[in-house]
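To keep things clear, I will list the structure first and then write my remarks on it.
First the proteins, then the strands, lettered A, B, ... as listed; each starts at 1. The model shown is predicted, which means the values in this text are computed figures rather than measured ones.
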Amino acid sequence: MNTRSVTAIEKELIDEIAMILGVEHDRVKPEDYLHELGVDSLGLVEILVFIERSYSVNLMESGLTREDFQTIRSLARRIASALH
Amino acid sequence: MRIHLRHVRKRRYLRGNDWIICALDDLTRRTTGVGNLSQVVLHLAGRIAVDDLAMCLEECLAKCAAVWGRPARDWLNLAPYWSMRSLRSTRSPVRLSVDDIGAAGRNEDAVKHLAEAVNRGLPEERARVAFHLVSGPANSSFLGMTFDHCLLDARGAEMFLGVFDQQYAGRGDRGSDGCTALSEPAHLDNWVRKFRSGKVVNRAIRALAGLDLATLPIPRRPSGLRYGFRVEWFNETESTQILETAYRKAGYLMVMPHLLAATLRALHPVFHRRGSAGNEYIAVVTLDAREPATQHETLFFNHVDFMFFRIEARHVLDYGTVVESIKVQMYSQVKAGQPQHLENASLLMRILPLSAIGMLLRRPLRVLLGSFSFADVGKTAYTQSTFMGREVVNVFHMPRVAAPPGIGVFFNRFQSRVNVTLAYVETMLEDGDADRVVVRLRESLTGECDRVVNHGDPV
């Protein structure tokens, strides 16, 4: 079973989002809101594709709420719960 | 490794997407008489002295070798490049035209004058930018910069205006640094990767080839075709409502799918009324591909990705179905790496002359031109609050879209406000059609259409 801690997933998401946005990863924090970081619709889809490739979790089909997505931490928690 | 040019270099190799844009320029010129030009407009509080503006433009452009360039081909390796002459070479003056419509003039009247300017085209072969100043409405000014899409894309044009302001503010050295065109390799390697991408793109095109594409006919006119424009500026309250509607109905951050679904809904009655054959729409969507943190290093040329969204005409008025389809298609294309494949494959197209690509686009690859063009530039890349000391009230665009398809819708955001421009080959739409499109667009964007029953349209 693919289990990861929320912290580990947060770090991986931060690295990916920093790469998508072209910024240093220490400028991206787990409590940051994705829209405040400048993520747009294409950026969000790139994040979702990364999540599917990395964790075999397809969040597009899982009926996510806005609260699930809003911060990197909430997204990491959602992924972690899908893995357990 | 990217190298900042401190001295004038003679060539900057064109990437695949640059060459596609040059092909669209050639195609549009053959169809309408003028190339694939666009116009970025600054709406300013207060008036600008024309002499000051002319001097500022001349000083700044004197340092920008890229502006005086043109496409050329390396006869050794056949790769196309942007040929930049030495700045000491003779160059033609840049056009600055002026209109004054008086303080009682309306913003819409200013837009008409700006439309005249972009429809005039660029004065001669070498000048890749031209300017038009409209003074008047409520003592404000509109400064339009017409630009050749081969040289600049929309975000690049916005950033380029920022360079002028830096020049005016006396930060001349920074202004000249902002004008250097970074070097670009010829990309004559990794052929296996390019051909693999070519196969992927070829498969995708073949999947679209049999489509019954909905299009609007482009009239033929020996004297050339002008473009009409409708520009809609949403205030802060309306803009907030648009974004909230997007988040609520399309999903968190799903602004582009919402804008595209609203656009389809607005355009569909026109396509239906004009008797356009075709059961499927293809929206060709241009997306900015710059990384936000390094965008100022990519001022010149085209840094865009293309995505293609296919929607059946019978679903267009069903917002939920359309948005879901757009999101699924976006996910599939990103997962398949399609924008990157298209960019790699387009490097192979550079061997072809522009006229040959145009022929391919007119016939076997017609689907790639789509039913209409669409772009959401997002937050403006013009980051200064003033231009030549005047407060910037708004920044918007007026593009002469590629023809075919000859019609397009373009969004951008300035501060917290949304702007949208409908651009179309004149006579493709009647005035009443264009007005109705804008009304429907406004209703769809803000969610008001949920409460509207009909407009007397046949669908």
Does any heavy atom of chain B fall under 4.5 Å from the side chain of A:Leu42, the backbone, both, or neither of them?
->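 Both backbone and side chain.
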
Atom CD of A:Glu31 with >12 non-hydrogen neighbours under 6.0 angstrom |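 Yes, because the 6.0 Å sphere around CD of A:Glu31 holds more than 12 heavy atoms from other groups.
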
Would you indicate whether A:Lys29, at its atom NZ, is surrounded by more than 12 heavy atoms from other residues, nucleotides or ligands within a distance under 6.0 Å?
->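 Correct, the count exceeds 12.
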
Within a strict 4.5 Å, meaning less than it, do heavy atoms of the A:Leu48 and B:Lys335 side chains meet?
->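 A:Leu48 does not reach B:Lys335 side chain to side chain.
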
Going by heavy atoms in the side chains, are A:Asp40 and B:Val255 under 4.5 Å from each other?
->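 No - every pair of side-chain heavy atoms lies 4.5 Å or more apart.
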
Closest contact, heavy atoms only, A:Tyr33 versus B:Tyr252 =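 Here A:Tyr33 and B:Tyr252 meet closest at C-OH, 4.4 Å.
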
Considering only heavy atoms, give the residues of residues 319-332 of chain B separated from chain A by less than 4.5 Å, sorted numerically, with 'none' for an empty result.
->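 Listed by number, the contacting residues are B:Lys327, B:Val328, B:Met330, B:Tyr331.
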
What's the spacing between B:Leu287 CG and A:Ser41 OG if we round to 0.5 Å?
->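 Going from CG on B:Leu287 over to OG on A:Ser41, the span is 7.5 Å.
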
Does the side chain of A:His35 pick up a donor-acceptor pair with the side chain of B:Tyr247 at under 3.5 Å?
->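 No donor-acceptor contact under 3.5 Å links the two side chains.
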
Residue pair B:Met254, A:Leu44: steps toward the side-chain contact (heavy atoms from CB on, under 4.5 Å) verdict = CA-CA 8 Å; B:Met254 289 292 152; A:Leu44 182 59; 3.8 Å; yes

